[in-house]
Protein chains: 2
Amino acid sequence: MNFSISEENYIKSIYHLQQQTDTVTTNSLANELQTRPASVTDMLKKLQVKNLLEYEKYKGFRLNATGNKVALNIVRRHRLWEYFLVTKLGFEWDKVHAIAEELEHISSKDLIQKLDNFLNYPQTDPHGDPIPDVHGKIPVIRQVSIAEVPVKKNVTVSSVGNQSPEMLELLDHYHIGIGTSLKVTMRFSFDGSVEIKVLKQAACIISEQVAKNIFVYHD
Amino acid sequence: MNFSISEENYIKSIYHLQQQTDTVTTNSLANELQTRPASVTDMLKKLQVKNLLEYEKYKGFRLNATGNKVALNIVRRHRLWEYFLVTKLGFEWDKVHAIAEELEHISSKDLIQKLDNFLNYPQTDPHGDPIPDVHGKIPVIRQVSIAEVPVKKNVTVSSVGNQSPEMLELLDHYHIGIGTSLKVTMRFSFDGSVEIKVLKQAACIISEQVAKNIFVYHD
DNA sequence: TTTATTTTTTAGGTTTGTCTAAATTTTTAT
DNA sequence: ATAAAAATTTAGACAAACCTAAAAAATAAA
Ligand SMILES: [Mn+2]
Ligand SMILES: [Mn+2]
Ligand SMILES: [Mn+2]
Ligand SMILES: [Mn+2]
C-alpha cells in the first residue's frame, strides 16, 4: 500500500502521541499537526477505511498492527535522513527535523536500504532516538532521565525528550550533546534542580524541567 | 517564491522541451508529463499569473527569465541528487531518475548547498548532463555525437541524448558509459551505422540512431 | 478558398485535503 | 441530577490539480 504525504504525517503523529497516551484524542492530534479538529476527523475516517486505525466515534483512536508497521517505517526513514544530514552533510542537530520531515515521504524501498547501508546501519538518530530496522524492530535503549539519577553516578547522555529548538539551544549552550559524559553532583529538594559536572567544564545547575528531558545511561 | 511539486514538474518539463524547440506546444507538454492537454492549459494560466511564462492563447509558450531561473534550480537539484545516488549510494545510472524526480522538490537552500559541498561540486550528473551552479550557470561541454566523429579519432563518451531505460540497457550491454574511451573504426554509408572499438573489447556495430545519441569529446 | 483535420481552450465535474460554523456527544461543575 | 463547558463530529465550502466532452481556433487538404 502507498500513502499520501498527508496520510503519512497523520500516521506518524498518531504513533508519536501513542508513546505518551495509549489512546489519542482528536484535539491533541490537531494540535500536533497544526490543523483543525474537523480536518482530523475527516482524515480519521479515511485511515479507518484503509484499515490502519481502531477508531470509535467520540471515543478516541489508536493505530492497529498494520498502522503501527506503516508508522515505524516512516519513523525509520525520518531518522535515517536526520542521521545522514548531521553526519554526512554537517548539519547542526537542531536544523535537521524540518528537512527530514520532507525526505521521509520518499518511499523507494531500495533508496532507504541503500541509504542505511551507506550510513553503516546506525542504531540511533542525532537526538538519540532509536532507528527501527526494516522489519520495524526498535533497538531498546535502557535509559533514565537525569531527574532520577543518584548523586555521584557517572552517566552518558543518550537522548533528549523535548526536542524543541529552545531546548536544543539550551543544551548547546551547556555543551551537552548525545554521548556527553557527566555526573550529578547535587540535587536541591527545594525545586528539584540539579547540579551537574561535565568533564573539563565548570559545574552548572539545570532546572528539574530540563533534567527530566535529558536521558542518560549508567557507564 | 515557492512552488508546488506539480508546478515544479511543469516548469522543468517546459525547460527541457525548450532545448529542442524554442516555443513549446500544449500537446507536447501534455505528452511529456503524461497528462491531458486541458490540464496543461489550466496550469499554463496559473504559471502565467505567477509571471513565469510568456504565453499567448493558441500560440504556444516559453519560460521568461524568471521561469528559466526557477527551472535551472530544479534541474540543479535533480542532477545533484542523481550524482549522490550513483556515487554515494551505489545505484545504477538507469535507476536514479525516478527517485531524483521526487528528491528534486525538497527546496531547502541550505540542504542543496551542503549536498553540493559534500559531493565536491560535481560538474555533470551520471548521464553526463551539466549541473547548473547556484546562480543557474551551466558549464558548457563541447561535444559531438558519434554520428559526426571522423573515423580513427580517439574520443571519450561525455553524455547520452536519449536516456530511456531501453537506451541505457543497450549501452550497458555494450559496456559503454560516461568516460568510456573509444574509436570509430568504420562508417557504413548504406544506413549510417558505425563500427566502434572500445579498449579491450571486440569491435561492434551500432545503428545510426544509437550513434546520434552518444555524445563524445575529442581526447 | 472552402472543407476537413488537428490543436487548443472552455465548461463543467471529481478527488484530496483543508476550512468555518453549527450540531451532537461527552465531561465537568454546580 | 441538571446545567455549563469542552471535545468531537457533521454540514457545507473552497482551492489545487486533475479529468471528459464540447466549443473554438489554427492548420492542412482538397
Ligand atoms: Mn513529514
Ligand atoms: Mn530525531
Ligand atoms: Mn519531479
Ligand atoms: Mn540525469
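Bear in mind that the values here come from a model prediction, so they are computed numbers and not experimental data. Below, chain A is the first sequence line, B the second, and so on; all start at residue 1. Values below: every heavy atom of this structure, side chains too, minus hydrogens, waters and symmetry copies.
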Tell me whether the side-chain N/O atoms of [X] come closer than 4.0 Å to OP1 or OP2 in [N].
{"X": "Y55(B)", "N": "dT9(C)", "result": "yes"}
{"X": "K46(A)", "N": "dT15(C)", "result": "no"}
{"X": "T25(A)", "N": "dA7(D)", "result": "no"}
{"X": "S4(B)", "N": "dA17(D)", "result": "yes"}

Using atom [atom1] of [X] as one end and atom [atom2] of [N] as the other, report the distance to the nearest whole Å.
{"X": "N2(B)", "N": "dA16(D)", "atom1": "CG", "atom2": "P", "value": "15 Å"}
{"X": "N31(A)", "N": "dA6(D)", "atom1": "CG", "atom2": "P", "value": "16 Å"}
{"X": "K59(A)", "N": "dT26(C)", "atom1": "NZ", "atom2": "C1'", "value": "9 Å"}
{"X": "E56(A)", "N": "dT26(C)", "atom1": "CD", "atom2": "P", "value": "10 Å"}
{"X": "L44(A)", "N": "dA7(D)", "atom1": "CG", "atom2": "P", "value": "16 Å"}
{"X": "E8(B)", "N": "dA17(D)", "atom1": "CD", "atom2": "P", "value": "11 Å"}
{"X": "I11(A)", "N": "dG17(C)", "atom1": "CD1", "atom2": "C1'", "value": "15 Å"}
{"X": "Y10(B)", "N": "dA17(D)", "atom1": "OH", "atom2": "C1'", "value": "8 Å"}

Base, sugar-phosphate, or nothing: which does [X] touch, judged by heavy atoms less than 4.0 Å apart?
{"X": "F61(A)", "result": "nothing"}
{"X": "T41(B)", "result": "base"}
{"X": "S39(B)", "result": "base"}

Looking at [options], which one has an atom nearest to any side-chain atom of [X]?
{"X": "K57(A)", "options": "dT24(C), dT10(D), dA26(D)", "result": "dT10(D)"}
{"X": "R36(B)", "options": "dT9(C), dT9(D), dT20(D)", "result": "dT20(D)"}
{"X": "N27(A)", "options": "dG17(C), dA7(D), dT8(C)", "result": "dA7(D)"}
{"X": "T35(A)", "options": "dT7(C), dT9(C), dC19(C)", "result": "dC19(C)"}
{"X": "D42(B)", "options": "dT20(D), dC18(D), dT26(C)", "result": "dC18(D)"}
{"X": "Y58(A)", "options": "dT9(C), dT8(D), dT20(C)", "result": "dT8(D)"}
{"X": "A38(B)", "options": "dC18(D), dG17(C), dA11(C)", "result": "dA11(C)"}

Would you please classify the geometry between the W93(A) ring and the H127(A) ring as parallel, tilted or perpendicular, with 30° and 60° separating the classes? parallel
So Q163(A) and H97(A), side-chain hydrogen bond (donor to acceptor under 3.5 Å, both in side chains) or not? Walk me through it. CA-CA 9 Å; Q163(A) 292 175 11; H97(A) 189 81; 5.4 Å; no
Under 3.5 Å, is there a donor-acceptor pair between the side chain of [X] and the main chain of [Y]?
{"X": "T180(A)", "Y": "G177(A)", "answer": "yes"}
{"X": "N64(B)", "Y": "N51(B)", "answer": "yes"}
{"X": "Q19(A)", "Y": "H16(A)", "answer": "no"}

Aromatic ring proximity, centroids under 6.0 angstrom, F84(A) and F84(B):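 Distance test on ring centres: under 6.0 Å, yes.
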